[in-house]
> 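One structure is given below, represented as structure tokens, and several questions about it will come after.
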Protein chains: 2
Amino acid sequence: MNVSTATVSLALRDSPLVAEQTRERIKDHARAIGYIYNRRAASLRTSRSGIVGVVVHDIMNPFFAEILKAIESELDRSRQTFILSNHYDQLEKQRTFIDTLLQLGADGVIMSPAIGTPPEDIIVAEENGLPAVLIARTVEGAQVPVFRGDDAYGTALATNHLISLGHKRIAMVGGTDQTSTGRDRYHGYLGAMEKAGLPVDPAWRISGPRTKQGGFEAAGQFLALKDKPTAACCWNDLVAIGLMNGISRAGLVPGVDVSVTGYDDLEEAAIATPALTTVWNGQREVGRQAARALLDKLSGASVKPSQELIRPELHVRQSTARPVERS
Amino acid sequence: MNVSTATVSLALRDSPLVAEQTRERIKDHARAIGYIYNRRAASLRTSRSGIVGVVVHDIMNPFFAEILKAIESELDRSRQTFILSNHYDQLEKQRTFIDTLLQLGADGVIMSPAIGTPPEDIIVAEENGLPAVLIARTVEGAQVPVFRGDDAYGTALATNHLISLGHKRIAMVGGTDQTSTGRDRYHGYLGAMEKAGLPVDPAWRISGPRTKQGGFEAAGQFLALKDKPTAACCWNDLVAIGLMNGISRAGLVPGVDVSVTGYDDLEEAAIATPALTTVWNGQREVGRQAARALLDKLSGASVKPSQELIRPELHVRQSTARPVERS
DNA sequence: CTGAAAGCGCTTACAG
DNA sequence: CTGAAAGCGCTTACAG
């Protein structure tokens, strides 16, 4: 060939500094010998890796499915490789992952922070050249952009819907107060009840469940409540569907004997039996905007550490109806 | 500090070549200045990256959840970083991913190959130093280890169970003949029917659906069959649950009017209404063994390109019962 | 037990 | 438009 490595390097990256003919000749030859570009070497030199990390509680949770898909398609477009990881709400796992990203020289990270994430964890990452963007949950004190749904508004939507149907005793099933999301959703429910002048019995708060299995198991507790509520405002669709399954198993009919609302509007909500009334959470938007914000940061734009709240929408289906007064 | 970089390098990796005192001094100092190990540089030098790629159709599909978790925990133990990707059964996406792995100098790849993967794709990867292990699906002609369930045996289990309950007209809903899995499962069903001397109407094969949504939509087609089958042997749990939802929506009772079997035994199968009779597929074993095999390959052991078939088990629940003869 | 030197495969000024 | 040289941050023989 008789060209210098510099020329090869430029040619392969389509630099106009190389004559078209030379460029083609080099490219053909590269293809012919099965040349494999060594990104480690390039990255070592440029300190850009083309890698973006994404870490959430559990990538297998369908709640994240749409978010991740949106992130994936945004990043694909910018030819960034993305590395996914679960932290299962364990700070240690999250730290190990961030460490790995730093060692690999990742360009940035999108994270749904684990419960108890101190702002320092994020600050340290940023100081070491790993810009971060948060999704779904906030970390107080971390000066980074956050993208999530307006959770308080969303559960208020669901609760108001139940109230307007005539329900007065409404339980809130699932979720935990240890996350900003959990607190916000609970407050949305409380606020709606208060505004309607309805009393709230602390026993109506069944906290904890976050999965279908959890919702299923919570059915027993729910059905055993004295002065049983006529409706349940659930933490998410998984809990709602599990709860409905548990209610069916006990011989009652969800959507008739007990009204149930979900949260997230998973694909599954529409085909559940009965079809689930739920709150659409804008997951796709969350993913898209978070990825965009990170890419902006990477290209040097100054992204201010704002809270972006996506406005949820109520999707009414068959799992909610007027209360049946048993006398 | 006054030590050479060589000493630092050795000290940080706990080499016995460095005096304990020196080692501690170096480590303390590294911590103090917030030293971050540069894996790109190390990898460039050693040509070992500590990265393993995993690519499947869709990581959000719950079928892969247990497999991925098992792989994750095996790889974690060997301190390998794993990079996950979806190929959505698009060869191009799969190729791009393998290319990325090659460029990053990944140590190996575990893949559930996309439909139509030619053996060359795998051979090229291996020749470029990226050993591969397959899960769930086989690629004829690729000399690599494969780990999957014994699909034909599994659907035969389900079909025989239905036959033993007295069903004679049994449909097979979902899946595609374009994958080895699809063909194997269909053959298991066919074989069981034949062995029992039962005729099979080609119209009973409703191929295609692989998701809950797909199963839900297939309900219409199933219920419209002339001489409607009394049972459906489904491609997987998602299809089965979707089908049951569709059957309910049409006013029939799954598990009574129509018996339904699933495949995979997802967590969800046990809490479906009715609880789903299904075939446990040994996902955890598949993931564990595949990861082990790859790690063995990485550590230089010679791993023969065998087919490892995990033996499935039937889990009987409430979605199957004797046929109701309507006269 | 520790240090000086070479080299992994790129990219980027700098010369020509 | 092309080439020679330096350097990114490690690890690994090799000397001492």
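Chain identifiers are assigned alphabetically (A, B, ...) following the order of the sequence lines, protein sequences preceding nucleic acid strands; residue numbering begins at 1 within each chain. What's counted below: heavy atoms across the whole structure, side chains too, no hydrogens, waters or symmetry copies. Every value quoted in this text rests on a predicted model; they were computed, and no experiment measured them.
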> Using heavy atoms to find the nearest nucleotide of DNA chain D for P16(A) and T5(A) separately, return the residue whose nucleotide is more 5′.
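Looking at DNA chain D, the more 5' nearest nucleotide goes with P16(A).
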> Calculate the interatomic distance between R23(A) atom CZ and dC1(D) atom C1'; express it in whole Å.
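It is 12 Å, rounded to the nearest whole Å.
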> Can you tell me if S9(A) and R13(A) form a side-chain donor-acceptor pair at under 3.5 Å?
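Yes, side-chain donor-acceptor contact under 3.5 Å.
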> Of all the nucleotides listed (dA4(D), dG9(D), dT12(D)), which has the minimum atom distance to the side chain of A6(A)?
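Of dA4(D), dG9(D), dT12(D), dA4(D) is nearest to the side chain of A6(A).
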> Nearest to the side chain of L17(A), heavy atoms from C-beta on, is which of dG9(C), dT2(D), dG9(D)?
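Of all the options, the side chain of L17(A) is nearest to dT2(D).
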> Rounded to the nearest Å, what distance is computed from the CG atom of residue L44(A) to the C1' atom of nucleotide dT11(D)?
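Taking atom C1' of dT11(D) as the reference, CG of L44(A) is at 13 Å.
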> Between atom CZ in R40(B) and atom C1' in dT11(D), what is the gap in whole Å?
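Between C1' of dT11(D) and CZ of R40(B): 16 Å.
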> Take atom CG of N38(A) and atom P of dT11(C), then tell me their distance rounded to the nearest Å.
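From N38(A) CG to dT11(C) P: 9 Å.
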> Please work out if L12(A) contacts a base, only the sugar-phosphate, or nothing of the nucleic acid, heavy-atom cut-off 4.0 Å.
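Nothing, no heavy atom under 4.0 Å.
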> Could you check which of dC1(C), dT11(D), dG3(D) has an atom nearest any side-chain atom of A19(B)?
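Output: dC1(C).
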> Using OP1 and OP2 only, check whether a side-chain N or O of R13(B) sits under 4.0 Å from dT11(D).
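R13(B) to dT11(D) OP1/OP2: side-chain N or O found under 4.0 Å.
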> dT11(D), dA4(C), dT11(C): which one has an atom nearest the side-chain heavy atoms of A42(A)?
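Closest of the options to the side chain of A42(A): dT11(C).
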> Which listed nucleotide (dA5(D), dT2(D), dT11(D)) is nearest to the side chain of T22(A)?
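That would be dT2(D).
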> Of the nucleotides dC10(C), dG9(C), dA4(C), which has the atom closest to the S4(B) side chain?
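Closest of the options to the side chain of S4(B): dA4(C).
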> Within this structure, what is the CG-to-C1' distance between L10(B) and dC10(D), rounded to whole angstrom?
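One finds 11 Å between C1' of dC10(D) and CG of L10(B), rounded.
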> Starting from the C-alpha separation in whole Å, work towards a yes-or-no answer on side-chain hydrogen bond (donor to acceptor under 3.5 Å, both in side chains) for Y88(A) and Q94(A).
CA-CA 8 Å; Y88(A) 301 118; Q94(A) 180 174 284; over 6 Å; no
> Phosphate oxygens OP1/OP2 of dT2(D): is one of them under 4.0 Å from a side-chain N or O of T7(A)?
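No, because none of the side-chain N or O atoms of T7(A) sits under 4.0 Å from OP1 or OP2 of dT2(D).
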> Expressed in angstrom and rounded to an integer, what is the separation of R39(B) atom CZ from dC10(D) atom P?
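Rounded to the whole Å, the gap is 13 Å.
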> OP1 or OP2 of dC10(D) less than 4.0 angstrom from a side-chain nitrogen or oxygen of T46(B), does that happen here?
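T46(B) to dC10(D) OP1/OP2: no side-chain N or O under 4.0 Å.
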> With both distances kept under 3.5 Å, what pairs with dA15(C), Watson-Crick or G-U wobble?
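Its partner is dT2(D) (Watson-Crick or G-U wobble, both distances under 3.5 Å).
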> Can you measure Y37(A) atom OH to dC8(C) atom P for me and round it to whole angstrom units?
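Computing the Y37(A):OH to dC8(C):P distance gives 18 Å.
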> Keeping the roles fixed (side chain from R137(B), backbone from S112(B)), state whether a donor-acceptor pair exists under 3.5 Å.
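Not a single qualifying donor-acceptor pair exists.
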> Salt-bridged, R148(B) to E308(B), with N to O below 4.0 Å?
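Result for this pair is no, no salt bridge flagged.
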> Grab the CZ-C1' distance between R45(B) and dT12(D) for me, whole Å please.
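Atom CZ in R45(B) sits about 5 Å away from atom C1' in dT12(D).
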> Give the ring-plane orientation class for F64(A) versus H57(A), where under 30° counts as parallel, over 60° as perpendicular and anything between as tilted.
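The rings of F64(A) and H57(A) stand perpendicular, inter-plane angle above 60°.
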